[in-house]
Amino acid sequence: MNQPADVPIPPDLSRRYSGSVQGRDWLAPLPRLVSQCFDRWQLGLDLAPDALPWNGHGHGHGHGHGAIVVPVRRRGDTAAGQPPS
């Protein structure tokens, strides 16, 4: 994991926010911002092929809308939630 992978934006998140100028303005830089976070924190994508990140939508509680949660690993291939060995 030397390079941060492109993080797919969930289609339902794109649909939710692409209907307005403000939503499109929020969506447009999202892949770049996620990639910058990967670089800054030395992370790599830990997502199965063809899987999508969680987008915080669909729980019916009114929370988490407009979010994206991406499973990651440290660049040394260590799970990000585990202490380094």
Side-chain angles (χ1 to χ4, degrees):
M1 275 188 276
N2 295 328
Q3 301 274 357
D6 289 333
V7 175
I9 302 303
D12 52 338
L13 187 67
S14 291
R15 278 190 301 275
R16 173 177 273 267
Y17 291 98
S18 63
S20 71
V21 171
Q22 295 88 354
R24 289 187 296 274
D25 287 347
W26 181 80
L27 282 170
L30 191 56
R32 178 182 46 81
L33 293 172
V34 171
S35 181
Q36 288 173 345
C37 290
F38 275 39
D39 285 343
R40 181 177 182 177
W41 296 318
Q42 298 181 4
L43 299 172
L45 186 62
D46 189 19
L47 192 63
D50 299 323
L52 295 171
W54 180 72
N55 68 7
H57 179 65
H59 290 283
H61 300 286
H63 302 292
H65 296 274
I68 185 169
V69 178
V70 181
V72 297
R73 296 182 76 76
R74 291 189 185 102
R75 288 236 174 110
D77 204 32
T78 304
Q82 302 295 319
S85 48

Could you check whether any side-chain N or O of R24 sits under 3.5 Å from a backbone N or O of S18, counting only pairs where one atom can act as donor and the other as acceptor?
yes
Please evaluate residues L45 and V70 with respect to the criterion side-chain contact (heavy atoms from CB on, under 4.5 Å), reporting the C-alpha separation (whole Å), side-chain torsions for both, the decisive distance (0.1 Å), and the verdict.
CA-CA 7 Å; L45 186 62; V70 181; 3.3 Å; yes
As an exercise, state the distance from CG of L43 to CZ of R73, rounded to the nearest 0.5 Å.
11.0 Å
More than 12 non-hydrogen atoms from neighbouring residues, nucleotides or ligands closer than 6.0 Å to CD on Q36, yes or no?
yes
Do L33 and L27 sit in one hydrophobic cluster, given that two such residues count as connected whenever their side-chain heavy atoms are within less than 4.5 Å of each other, even indirectly?
no
Of all heavy-atom pairs between I9 and S14, which one has the smallest distance, and what is that distance?
CG2-OG, 3.4 Å
I want to check something: taking the side chain as every heavy atom from C-beta on, are D25 and S20 in contact at a cut-off of under 4.5 Å?
no
Answer yes or no: is there a side-chain heavy-atom contact under 4.5 Å between V72 and W41?
no
Indicate yes or no for a side-chain donor-acceptor contact from S35 to the backbone of P31 under 3.5 Å, with no hydrogens or angles considered.
no
If I compare all heavy atoms of V7 with all of F38, which pair ends up nearest, and what's the gap?
CG2-CZ, 3.8 Å
Closest approach of P10 to P53 (non-hydrogen atoms, all atoms of both residues)
CG-O, 3.3 Å
With side chains defined as the heavy atoms from C-beta onward, is the minimum distance between L52 and L47 less than 4.5 Å?
no
